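I have placed the structure first, in the form of structure tokens, so that the comments after it can refer back to it.
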Amino acid sequence: MREEIIRIAKANGADIVGFAPASRFDANDPIFKIFPDTKTVIGLAFRVLRGIYRGIEEGSTYYQYTTMAVENMEETIMPMAQLKVAMYMEGEGAIALPQRRHQQIMAEENSTNPEVAYDAVYRSRTAEVQMDFLNAAIACGLGEKGLHNTLLTDEFGPMVRYCFILTDAELPASDVVKPHLCDKCGKCIKGCPGKAIAEDGTVDPWQCAVYYNGANGTKNPFMPPEAFEGMEDRLDIIAGEAKVTPETAKAILDKIYFYPPAQHAYQCSICGRSCDVECYVHLEEKGVLTKKFREPFRKREPWKFSVEDFK
């Protein structure tokens, strides 16, 4: 069954498949609230195409990342692979329960998800039984944890998205990846256009949301010169130097109408996950990624506008 699961998953777009026995999870882990009979967690990781990041790297076209790397991956590719694997498993008599992120459900009272509108986030008891996705990915052997709390894989670095299937089938486990990629270089921290990542790698979700959506005018070709007119610390916001609170973040986000969201209401990423890109560039330059390309991703110095353009 294990080999057939891998075959079906990869035939339907998964790049990495891993298996974690229930014993790798704490007895109070949400997976046992979701499905008490869980014996194995199956992790599926999908590459985000390297080329999808090129438009933002060049400052030329942006919608591909949000539509193809987020929306279509989360709403089409990943669910299809999960369903195909689950259908096979249930055909063999096992229970298979697909688990993917619900981007609008959060447990935290005063937090947000940069990938969706802050006023679309839903908080209730439902949020308490969502999986810890990063922890599960590591337990399944998909990769290791990077400094900025993202999954790093040998093949694609941080350029992946992932989901899971809970099952009562007992399947041979994958090895847990011994950390070896992240050297705590801090490139992810320096690469954020809004200083949303602390030195210890902790991400401020409101700071991230503001600059994920494009509040830094020096990295946003769609921002008009009069952006954020009338707002206090306007130029600091545009320069990526403003420290936001949840309240000020909401006020800034309410004024970001520079680029439309995707069809499934995913917010457009103007930063293009710059933390991940800088991490990827570093790993590629070190030569530690197993997936090689003919040319390096970073071909020239990153472009940047002047704050003077907004005075």
Side-chain angles (χ1 to χ4, degrees), residues 15-16 45-70 73 114-115 134 137-138 142-162 177-204 207-221 239-241 268-306:
D15 292 286
I16 310 170
F46 302 73
R47 78 179 81 181
V48 175
L49 292 175
R50 187 172 179 265
I52 284 173
Y53 294 88
R54 284 238 62 82
I56 298 176
E57 174 76 2
E58 304 297 342
S60 58
T61 175
Y62 282 65
Y63 66 87
Q64 288 94 343
Y65 177 79
T66 303
T67 58
M68 299 302 289
V70 181
M73 291 290 285
E115 291 188 345
L134 180 56
I138 293 168
L142 299 182
E144 67 178 79
K145 180 181 177 179
L147 175 61
H148 62 303
N149 288 296
T150 196
L151 183 71
L152 302 184
T153 65
D154 282 323
E155 297 92 335
F156 315 107
M159 293 183 175
V160 292
R161 296 186 81 90
Y162 46 94
V177 174
K178 184 178 179 180
H180 60 288
L181 294 173
C182 182
D183 57 10
K184 307 294 190 294
C185 70
K187 295 290 180 65
C188 55
I189 297 172
K190 296 182 180 69
C192 177
K195 297 180 170 60
I197 309 172
E199 290 300 316
D200 65 357
T202 303
V203 180
D204 181 326
Q207 195 83 15
C208 177
V210 165
Y211 289 98
Y212 178 94
N213 280 268
N216 188 325
T218 71
K219 297 296 293 181
N220 187 345
E241 299 292 338
C268 179
S269 176
I270 298 298
C271 84
R273 297 288 302 178
S274 56
C275 52
D276 286 348
V277 171
E278 295 304 322
C279 175
Y280 179 88
V281 169
H282 177 64
L283 295 175
E284 186 179 57
E285 289 175 347
K286 284 177 62 180
V288 296
L289 299 177
T290 58
K291 175 62 180 174
K292 307 297 183 181
F293 291 86
R294 287 193 293 269
E295 295 184 358
F297 179 84
R298 173 115 336 132
K299 300 181 178 181
R300 59 189 68 85
E301 284 295 312
W303 59 271
K304 189 175 184 179
F305 298 124
S306 172

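Fair warning: this is a prediction, and the values are worked out from it, not measured in the lab. If you read the sequence from its start, that first residue is 1, and numbering goes on from there.
Note that the CD1 atom of Ile189 and the CG atom of Leu147 stand 4.5 Å from one another [nearest 0.5 Å]. Phe156 contributes atom CZ, which lies 9.5 Å from atom CG of Leu49 (distance to the nearest 0.5 angstrom). Rounding to the nearest 0.5 Å places OG of Ser269 at 14.5 Å from OH of Tyr211.
Qualifying salt bridge (charged side-chain N to carboxylate O under 4.0 Å, His left out) partners for Lys195, counting only residues two or more places apart in sequence or in other chains: Glu241. Among residues two or more places apart in sequence or in another chain, the side chain to side chain contact (heavy atoms under 4.5 Å, CB included) test is passed with Glu58 by Arg54, Ser60, Arg300. By the salt bridge (charged side-chain N to carboxylate O under 4.0 Å, His left out) test, Lys178 pairs with no residue at all, sequence neighbours left out. A search for side chain to side chain donor-acceptor pair (under 3.5 Å) contacts involving Thr290 returns nothing, not counting sequence neighbours. Listed by chain and residue number, Asn216, Lys304, Val307 satisfy the side chain to side chain contact (heavy atoms under 4.5 Å, CB included) test with Thr218 (two or more places apart in sequence, or in another chain). Evaluation of the ring-ring contact (aromatic ring centres under 6.0 Å, His included) rule for Tyr53 yields Tyr65 as partners, not counting sequence neighbours. For Glu199, the side chain to side chain donor-acceptor pair (under 3.5 Å) test picks out no residue, with sequence neighbours left out. Under the salt bridge (charged side-chain N to carboxylate O under 4.0 Å, His left out) criterion, Glu284 pairs with Arg50, not counting sequence neighbours. The side chain to side chain donor-acceptor pair (under 3.5 Å) test applied to Asn213 returns Gln267, not counting sequence neighbours. Under the rule for a side chain to side chain donor-acceptor pair (under 3.5 Å), the partners of Arg161 that lie at least two apart in sequence or sit in another chain are Glu74, Glu115. The salt bridge (charged side-chain N to carboxylate O under 4.0 Å, His left out) test applied to Asp204 returns Lys243, not counting sequence neighbours.
Across Ile56 and Ile270, no two heavy atoms sit closer than the pair CG2-O, 3.7 Å. Closest approach of Ala209 and Pro114 over heavy atoms only: CA-CB, 3.7 Å.
Pairs engaging residues 182-191 under the side-chain hydrogen bond (donor to acceptor under 3.5 Å, both in side chains) rule: Asp183-His282, Asp183-Lys286 [sequence neighbours left out].
Panel note: side chain Thr67, backbone Tyr63; a donor-acceptor pair is recorded below 3.5 Å.
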